[in-house]
Amino acid sequence: MLNCTLCHLRQDAIGPTSYNGSPDSPLAIVGEGPGGVEDEYGVPLVGPSGQLLDKALASVGITRDRVYTTNVIKCRPKNNRTPTVEEGVFCAGHWLDAEMAFVRPKIIIALGSVALKYLYGPDKRITKDRGQWFTTKYDIPAIATYHPAYLLRLTGKELVKAKWEVYYDLQAAVEKCREYAPAYDFKSAEPPDLLALYTPRRDSRKEGR
């Protein structure tokens, strides 16, 4: 995957990004696509959106090293735009499908519209369908919630409301996960510093540009 040149998105990115966290986790988080920081470090959700996600996960007793985090799109779209449905279908059909077949999580959290549309259906809307359980094409239960990048654009009462909705969605995902894996520990004693952890990868990607 890290050598993929199958589509035009690779032309404007440092390179494909992979995953972070534990492939042994019963919970997988599927985001949309990498931003600038993620493109530099080669892993998903480590920039401002990822740091907000870490806080949200901490509120329900999760640290990022204890879940599996990946994206529908592996390469950063030019100018950090939102990936299209067609781009999601093409990229995820090659890579995300293979990832999920290998990892086989018990529960998936779909972060944002792109993940929801790929995992559930192109007509689905995050503002309407978040918080509802559905079965993915992998026959794995999933719940969608807002992408943290969306929360970063909100203010005031809208932000407070959205944060609570995300909290309840994450809480529901953890509770259902515990039905499948009651002994799994979702929290490490020390939360990982993801930027420090992946700095060697960032430096290696810079050298290879």
Side-chain angles (χ1 to χ4, degrees), residues 1-23 25 27-54 56-57 62 64-65 67-105 107-120 122 124 126 130 136-138 140 142-152 166 169-170 173 194-195 197-198 201-202 205:
M1 183 188 73
L2 293 178
N3 295 318
C4 179
T5 57
L6 291 173
C7 81
H8 65 281
L9 292 179
R10 176 66 180 84
Q11 300 169 8
D12 298 301
I14 296 173
T17 56
S18 57
Y19 73 93
N20 55 42
S22 174
S25 177
L27 178 61
I29 297 172
V30 178
E32 299 188 342
V37 177
E38 290 76 16
D39 191 29
E40 287 185 12
Y41 281 81
V43 288
L45 289 158
V46 291
S49 292
Q51 291 161 22
L52 181 56
L53 174 63
D54 289 346
L57 291 172
I62 297 175
R64 283 281 292 283
D65 57 322
V67 296
Y68 184 89
T69 307
T70 189
N71 276 327
V72 171
I73 298 286
K74 304 306 182 186
C75 289
R76 180 194 183 204
K78 189 175 183 179
N79 299 324
N80 227 32
R81 64 171 173 78
T82 301
T84 66
V85 172
E86 292 75 19
E87 288 167 341
V89 168
F90 183 85
C91 185
H94 281 89
W95 301 118
L96 181 64
D97 289 0
E99 271 183 282
M100 292 297 100
F102 180 76
V103 176
R104 296 302 301 173
I107 298 294
I108 294 174
I109 296 173
L111 283 185
S113 178
V114 174
L116 173 66
K117 288 177 183 295
Y118 184 73
L119 295 172
Y120 194 9
K124 301 304 177 182
I126 193 69
R130 60 137 293 276
T136 65
K137 60 187 293 184
Y138 316 119
I140 297 171
I143 189 170
T145 196
Y146 298 126
H147 195 285
Y150 170 72
L151 298 183
L152 290 173
V166 169
D169 297 338
L170 297 180
L194 295 178
L195 291 180
L197 182 64
Y198 291 105
R201 181 178 293 193
R202 180 201 64 184
R205 285 165 73 86

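Just so it is clear, the structure is predicted and the values come from calculations on it, not from any experiment.
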Taking the side chain as every heavy atom from C-beta outward, state whether [X] and [Y] have any atom pair closer than 4.5 Å.
{"X": "P77", "Y": "L9", "value": "yes"}
{"X": "N20", "Y": "L197", "value": "no"}
{"X": "Y118", "Y": "D97", "value": "yes"}
{"X": "R205", "Y": "D39", "value": "yes"}
{"X": "V103", "Y": "Y138", "value": "no"}
{"X": "M100", "Y": "I108", "value": "yes"}

Side-chain donor-acceptor pair under 3.5 Å between T70 and E99, yes or no?
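Yes, side-chain donor-acceptor contact under 3.5 Å.
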Which residue, L195, L152, V46, L194, forms the side chain to side chain contact (heavy atoms under 4.5 Å, CB included) with Q51?
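With Q51 as partner, side chain to side chain contact (heavy atoms under 4.5 Å, CB included) holds for just one option, L195.
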Pick from S18, P44, P16: which one makes a side chain to side chain contact (heavy atoms under 4.5 Å, CB included) with N71?
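The single option meeting the side chain to side chain contact (heavy atoms under 4.5 Å, CB included) with N71 is P44.
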Taking everything shown except K137 itself, do over 12 heavy atoms lie less than 6.0 Å from its NZ?
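Enclosed: over 12 neighbouring heavy atoms sit under 6.0 Å from NZ of K137.
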Using the rule given for side-chain contact (heavy atoms from CB on, under 4.5 Å), can you reason through S49 versus H147, listing the C-alpha separation, both sets of side-chain angles and the distance that settles it, and then say yes or no?
CA-CA 8 Å; S49 292; H147 195 285; 4.1 Å; yes
Between [X] and [Y] (side chain of the first, backbone of the second, donor and acceptor by atom type, cut-off under 3.5 Å), is there such a pair?
{"X": "R104", "Y": "I140", "answer": "no"}
{"X": "R10", "Y": "A13", "answer": "yes"}
{"X": "E38", "Y": "G33", "answer": "no"}
{"X": "R201", "Y": "G42", "answer": "yes"}
{"X": "R64", "Y": "L45", "answer": "yes"}

For V114 and T82: C-alpha separation, side-chain torsions, deciding distance, then whether side-chain contact (heavy atoms from CB on, under 4.5 Å) applies.
CA-CA 8 Å; V114 174; T82 301; 3.8 Å; yes
Sequence neighbours excluded, every pair satisfying salt bridge (charged side-chain N to carboxylate O under 4.0 Å, His left out) that has a member inside residues 85-95
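Of all non-adjacent pairs touching residues 85-95, those that pass salt bridge (charged side-chain N to carboxylate O under 4.0 Å, His left out) are R81-E87.
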Derivation and outcome, side-chain contact (heavy atoms from CB on, under 4.5 Å), residues T145 and L111:
CA-CA 5 Å; T145 196; L111 283 185; 3.6 Å; yes
